[in-house]
Amino acid sequence: MKENLATVYDPKAVEAKWYQHWVDQKYFHAEPNSEKEPYTIVIPPPNITSALHIGHGMDNAIQDILIRTKRMQGYEALWMPGTDHASIATQVKIEEALAKEGISKHDLGREKFLERAWEWKEQYGGTIINQLKKIGCSCDWDRTRFTMDEGLSRAVREAFARLFNKGLIYRGSYITNWCPSCQTVISDDEVEHEEKDSHIWHLRYPLKDGSGFIEVATTRPETMLGDTAVAVHPEDARYQGMIGKQVLLPLMDREIPIVADDYVDPAFGTGAVKVTPAHDPNDFEIGLRHKLDHVKVIGKDGKMTQEAGKYESMDRYDARKAVVRDLDSGGYLVKIDPHKHAVGHCYRCHNVIEPMVSLQWFVKMTPLAEPAVDAVKRGETKLVPDRFTKIYYHWMENVHDWCISRQLWWGHRIPVWYCQDCGETIVASDDPTQCSKCSSANLKQDEDVLDTWFSSALWPFSTLGWPDKTPELSYFFPTNVLVTAYDILFFWVAKMIFSSLEFMGEVPFKDVLLHGLVRDAEGRKMSKSLGNGIDPLEVIDQYGADVLRWSLISGTTMGNDSRYYPEKIEAARNFANKIWNASRYVLMNLGDFSYEEIDVENNLELADRWILSRVNQVSAEVLGFIDSYNFGEAMRTLYDFMWSEYCDWFIEISKGRLYGEDEAAKHTAKSVLAYVLEKTLRLLHPFMPFITEEIWQHLPHQGSSIMIAPWPAVEDRFANQHAERAMAMVMDAIKAVRNIRAELSVAPSKKVECTLHAATSEVKELLTQAAAYFTKLAGISELSIGMTGDQKPAKAMTAVVSGAEIYLPLAGLIDIDQEIERLKKELKVLQSEVDRGEKKLNNPGFVNKAPEQVVAQEREKLEDWKQKQERVSARIAELQA
RNA sequence: GGGCGCAUAGCUCAGUCGGGAUGAGCGCUUGCUUCACACGCAAGAGGUCACAGGUUCGAGCCCUGUUGCGCCCACCA
């Protein structure tokens, strides 16, 4: 005798139990296996900065849905897990923690600081892995990687060395984005532009020869201290005479030239631009063309430098005020106009970026970007939804060289050594012991670390063993799909694509699935400062992982943001509860019914053929939706089937047989209940892994776990259009009876008599088969079935459905006049349907041009409406007589 | 300055190939302590698919434009 399910589902006990079981059985583990086709996903490695948030919940739930489905389908499914060291983000966090202890990273020193960082990694890395397990993620934990693992670090060095040797990595002094708060440069991608209301200052610089002034316009007056030229357009008539002349820079008493440069737009401002090559990207370019000096007036701390003269050590914003004041009192300020302009902010700390010339390492992008565009154009990698493809092209085609050095401690130290004796630069994947040129052992490694995205760019192959030619790499690579939120398309996805093409010679994944961001109930981004975040672990703690997963993904579409709020969690909880209770009902009635006893071939009645056909159809639809990444639709299909069809109709119908005396019928009912439920659970498993496993283990089944049970195949023998249509008609008829009962407020417990008149003998046969359904589901005491035209009850409520009329002789409740009114209303509705159909079919364009099938369908529908209409009018006439 | 997304029931959102909007959940109305489930059952109400044109036999869906909201990219000082 099988043990029934607990009265109430307890996710906590169930989830821990089955997760441990799956791990113990090594179901998550994948190995290169020539017998099977591989299916690979690499996890977007969560940053070790903090615990997972709700967005991670969605991201990983999606990946788990895919990997579980494919595993059940028989693929050798590998989900590669791991975490990211997140160089800058983690370092900022650790420095914050140190600040609370009252110490700085310099007090600790590099070595001790890194020890702290590794401790941090141990703590948060572990937390993250545990959280992923709680969500139910079926990652191959034996293969867990970290971006600063030995193997991955080797990959990073190898990649750096190869790019360097190909001339694709270079070092140089260029304008870069300096974050005065994080104390490092960041790449262009990491700068967030915010349009802000500001001002534009018009200044006039006196010409050295005393012949007058030239007026320039600037949004950053404090940088004038570092001006080394004024530029005008070469063809600007206003300034023809001035090109080549010297200007006396106010406040600084420096002579600077007026140069001609195409960059200047004569139509903007005054047509003359002050040039500060050390602190502006455009000015830097102008400076290159005209060999201008760099005067650095703003330092790395965001304060003015010695070069700024008397403004030295002032904060850059205080200096702005002081400079404007002094220019004004010197008579150099012409006017201040309001002006909107974009200011760059650091994506990590949100402080204003200072463009600054500094010596950094760069990756030359053009040669890498081109193949990355071509590969996507050839369809080797597909972005889902498709609209992101254009965005990707635009980025790739306009990309700047990638600044990869960071003035941080936590990260991959740049594998470059400088000979202290001869000045040689040595790039090596293994630590060199002597200079390759002068053999000196006096080498010093570059102090900087690499951009964190440099290592994540290699993730899809470095985790599989690259640069070694491992069996894993040749079997599991390229991966099938990368699942991530659209906000890291440039940071990460694009970089993986060009890196993979460069190092592996092929794309890293076939599909990129970009999902949206999870927002709060008001549509705001969830953030710590707003305090509007929902902790996925809390949801799991309260409702279970299945509910978390379902509530996060159902009703969403890929690429679009979604809102998350308690009602969604409740809806998912209710569904889980529904599945649980339906299963309890089935198990309670199954007794010790065994898998071998299941017979879904013989002795089937209408409802059986119907539900078997439906579950078969559902399994086809669900797989189609999963394969096209329409998870919301897959889940809706399963939800509706389980709730509205299996529970509301099939289970209710089954009660007649289960509580009856006919043993054969009982056996069939049990068989179909068990068979369909088991199949549905398998379809639900990727979405709700825990509850489905718990129930499945109690049900008659084959195999040791639902997660390695085969994905339900679509079987033609179950497809039964006839049964589906017949059942639809029966359900319509039952609903019509219920409707009348409700309208006349007949107590649900009250059994009533009912007469059905079929239009054809087929329908009569069908209704006879379904007689028990009426008794059970419509509260019918006595059902008489005749043919249209037979003697009908004198005083009865009427409903007309396709192929049949329904008469309910509800003594004492019927008011003939009211009933006539009701039927007339019904007739009106039918009339409008008939009109619509006739209009369509009377249109020669429709009949001639629409597909035959559509026209036939329309004819059939019209015929049906007309029949109903006729019968209702006939009934009205009878009642009026 | 470019580009993208969204606009469908009171709210939050689905809607695959262009073929009656029986759309979903929540909320609302009316009945139900019916032997799996009140986290439930049954019956209902509720839509000019943002607006204006166009293509088509037929448009929520395709095309053009408009409005509102949101997002991304961007070296006009």
Side-chain angles (χ1 to χ4, degrees), chain A residues 4-5 7-9 175 188 193 200 216-220 223 231 263-265 267-276 280-285 339 341-342 355 385 387-388 390-391 394-395 398 400 486-487 489-490 516-517 521 523 554-557 559-568 570-589 621 624-625 628 630 632-633 636 639-640 647-648 651-652 655 659 732 735 738-743 745-749 777 779 833 836-837 840 843-851 853-855 857-858 861:
Chain A
N4 201 352
L5 297 170
T7 315
V8 177
Y9 178 53
I175 195 99
D188 293 346
H193 294 276
I200 187 159
V216 297
T218 180
T219 51
R220 297 200 57 197
T223 62
Y263 163 76
V264 181
D265 176 3
F268 186 88
T270 62
V273 186
K274 61 185 262 325
V275 184
T276 322
D280 182 276
N282 298 310
D283 296 5
F284 179 80
E285 295 294 325
H339 186 70
H341 80 139
R387 69 181 125 97
F388 289 105
K390 225 170 115 179
I391 299 172
H394 183 260
W395 185 83
N398 295 286
H400 292 29
Y486 61 74
D487 60 347
L489 180 59
F490 307 140
L517 276 22
S554 61
T556 67
T557 25
N560 287 357
D561 292 353
S562 57
R563 300 185 191 205
Y564 198 62
Y565 43 92
E567 289 83 354
K568 261 187 188 165
E570 277 169 30
R573 186 268 319 264
N574 294 350
F575 183 48
N577 183 251
K578 189 74 183 178
I579 299 169
W580 186 256
N581 281 301
S583 305
R584 278 180 55 224
Y585 162 83
V586 172
L587 283 162
M588 162 184 308
N589 288 293
E621 287 173 14
F625 286 135
S628 56
N630 287 306
E633 286 297 284
R636 191 187 51 75
Y639 182 100
D640 288 347
C647 291
D648 291 345
I651 282 187
E652 292 309 319
K655 287 175 182 172
Y659 300 155
D732 266 354
K735 281 187 207 164
R738 287 168 169 174
N739 180 299
I740 291 174
R741 293 180 57 123
E743 260 184 63
S745 298
V746 179
S749 54
L777 300 181
E833 292 296 343
R836 197 194 53 77
K840 216 165 186 182
N843 177 351
F846 175 72
V847 181
N848 295 331
K849 293 190 182 175
Q853 202 198 330
V854 174
V855 178
Q857 211 181 350
E858 203 60 41
K861 279 190 281 188

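Numbers restart at 1 for each chain; the letters A, B, ... are given by sequence-line order, proteins then strands.
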Whole-Å gap separating P (B:C4) and NZ (A:Lys390): 4 Å
Name the pairing partner of B:G58, where a pair is Watson-Crick or G-U wobble with both distances under 3.5 Å, or state none. none
Would you classify A:Leu489 as touching base, sugar-phosphate or nothing, given that sugar-phosphate means primed atoms plus P, OP1 and OP2, and contacts are heavy atoms under 4.0 Å? nothing
Sugar-phosphate only, base, or nothing, as touched by A:Gly516 at under 4.0 Å among non-hydrogen atoms: nothing
Under 4.0 Å between any heavy atoms, over every strand shown, what does A:Asp265 touch: base, sugar-phosphate, or nothing? Just pick one. base
Between B:G15, B:A77, B:C39, spot the one nearest the side chain of A:Asn577, thanks. B:C39
Just call it for A:Asp648: base, sugar-phosphate, or nothing, with non-hydrogen atoms closer than 4.0 Å on any strand. sugar-phosphate
Separation of atom CZ in A:Arg738 from atom C1' in B:A42, rounded to whole Å: 6 Å
Considering only B:G25, B:A36, B:C76, which nucleotide approaches the side chain of A:Ala571 most closely? B:G25
Is the phosphate of B:A77 approached by A:Thr219 (side-chain N or O, under 4.0 Å from OP1 or OP2)? no
Any idea which of B:A74, B:A36, B:A77 is nearest the A:Ala217 side chain? B:A77
Counting only Watson-Crick pairs (N1-N3 plus N6-O4 or O6-N4) and G-U wobbles (N1-O2, O6-N3), all under 3.5 Å, who is the partner of B:G10? B:C26
Judged by nearest nucleotide, the residue sitting upstream toward the 5' end of RNA chain B, A:Trp395 or A:Gly632, is A:Gly632
Over all atoms of both residues, closest heavy-atom pair of A:Thr7 and A:Asn581: O-OD1, 4.2 Å
Quickly work out the A:Tyr585 OH to B:U34 P distance and round it to whole Å. 16 Å
Spacing between A:Asn574 atom CG and B:G27 atom C1', to the nearest angstrom: 14 Å
Please state the P separation for the pair B:G54 and B:G10 - nearest whole angstrom. 29 Å
Across the strands shown, which category fits A:Phe625 at heavy-atom distances under 4.0 angstrom: base, sugar-phosphate, nothing? base
Phosphate oxygens OP1/OP2 of B:G70: is one of them under 4.0 Å from a side-chain N or O of A:Asn560? no
Please report, rounded to the nearest Å, how far the C1' atom of B:G31 is from the NZ atom of A:Lys735. 18 Å
For B:G46, what is the paired nucleotide under Watson-Crick or G-U wobble rules, both distances under 3.5 Å? none
Watson-Crick/G-U partner (both atom distances under 3.5 Å) of B:G40: B:C32
Checking N1-N3 plus N6-O4 or O6-N4 for Watson-Crick, or N1-O2 and O6-N3 for wobble, each under 3.5 Å, the partner of B:C71 is B:G3
Using a heavy-atom cut-off of under 4.0 Å over every strand shown, decide if A:Val847 touches base, sugar-phosphate, or nothing. nothing
Distance-only donor-acceptor test (3.5 Å): side chain A:Glu652, base B:A36: yes
Across every strand shown, the nucleotide meeting Watson-Crick or G-U wobble geometry with B:C17 (both distances under 3.5 Å) is none
Give one of base, sugar-phosphate or nothing for A:His339, where a contact means two heavy atoms less than 4.0 Å apart. sugar-phosphate
Between the main-chain N or O of A:Leu517 and the side-chain N or O of A:Asp561, is there a donor-acceptor pair closer than 3.5 Å? yes
Donor-acceptor under 3.5 Å (A:Asp280 side chain, A:Thr276 main chain): no
Nucleotide nearest A:Pro748 when distance is taken to its side chain, options B:A36, B:C32, B:C73: B:C32
OP1 or OP2 of B:C13 versus the side-chain N and O atoms of A:Arg563: is any pair under 4.0 Å? yes
Under 4.0 angstrom, heavy atoms only, what part of the nucleic acid is A:Thr557 near: base, sugar-phosphate, or nothing? sugar-phosphate
Nearest-nucleotide comparison on RNA chain B, the residue closer to the 5′ end among A:Asn581 and A:Val8: A:Asn581
Categorize A:Pro844 for me: base, sugar-phosphate, or nothing, with a 4.0 angstrom heavy-atom threshold over every strand shown. nothing
In the structure shown, which nucleotide is the Watson-Crick or G-U wobble counterpart of B:U64, with both distances under 3.5 Å? B:A52
Quantified in whole Å, what is the P atom distance between nucleotide B:C39 and nucleotide B:G15? 31 Å
Please work out if A:Phe284 contacts a base, only the sugar-phosphate, or nothing of the nucleic acid, heavy-atom cut-off 4.0 Å. nothing
Measuring to OP1 and OP2 of B:C41, would you say a side-chain N or O of A:Lys578 lies under 4.0 angstrom away? yes
Is the A:Phe490 ring parallel, tilted or perpendicular to the A:Trp395 ring (thresholds 30°, 60°)? parallel
Here's one to test your reading of the geometry: is the NZ or CZ of A:Lys578 within 45 degrees of the ring axis of A:Tyr639 and under 6.0 Å from its centre? no
What is the distance, to the nearest angstrom, from the CG atom on A:Asp188 to the P atom on B:A74? 8 Å
Any donor-acceptor N or O pair under 3.5 Å, side chains A:Tyr585, A:Asn4: no
Taking the P atom in each of B:C76 and B:A59, what is the distance between them to the nearest angstrom? 45 Å
B:C35 phosphate, OP1 or OP2: any side-chain N/O from A:Lys655 under 4.0 angstrom? no
Are any of the side-chain nitrogens in A:Arg636 or A:Glu621 under 4.0 Å away from the carboxylate oxygens of its partner? no
Parallel, tilted or perpendicular, as decided by the 30° and 60° cut-offs, for the rings of A:Trp580 and A:Tyr9: tilted
P gap between B:A21 and B:U30, integer Å: 30 Å
Answer yes or no: does a side-chain N or O of A:Tyr659 lie under 4.0 Å from OP1 or OP2 of B:A36? yes
Given 3.5 Å as the limit, does a donor-acceptor pair link the side chain of A:Arg738 with the main chain of A:Leu777, or not? yes
What integer number of Å spans the P atoms of B:C49 and B:C11? 16 Å
When we call it a touch if two heavy atoms are under 4.0 Å apart, what does A:Ala850 touch: a base, just sugar-phosphate, or nothing? base
Could you give the CG-to-P distance, from A:Asp487 to B:G70, as a whole number of Å? 19 Å
Can you check the distance between B:G46 and B:C61, where both ends of the measurement are the P atom (answer in whole Å)? 24 Å
Heavy atoms under 4.0 Å, any strand shown: does A:Glu858 hit a base, just sugar-phosphate, or nothing? nothing
Contact class for A:Thr218 vs. all strands (heavy atom < 4.0 Å): base, sugar-phosphate, or nothing? sugar-phosphate
Would you say A:Arg387 reaches B:C4's phosphate, i.e. side-chain N/O to OP1/OP2 under 4.0 Å? no
Have a look at B:C17 and give me syn or anti from its glycosidic angle (syn if within 90° of zero). syn
A:Arg573 side-chain N/O to A:Lys568 backbone N/O, donor-acceptor pair under 3.5 Å: no
Return yes if the base of B:C39 and the side-chain atoms of A:Arg573 contain a donor-acceptor N/O pair under 3.5 Å, otherwise no. yes
Between B:A9 and B:A52, how far apart are the two C1' atoms, rounded to whole Å? 24 Å
Between A:Lys568 (NZ) and B:U12 (P), how many Å, whole number? 11 Å
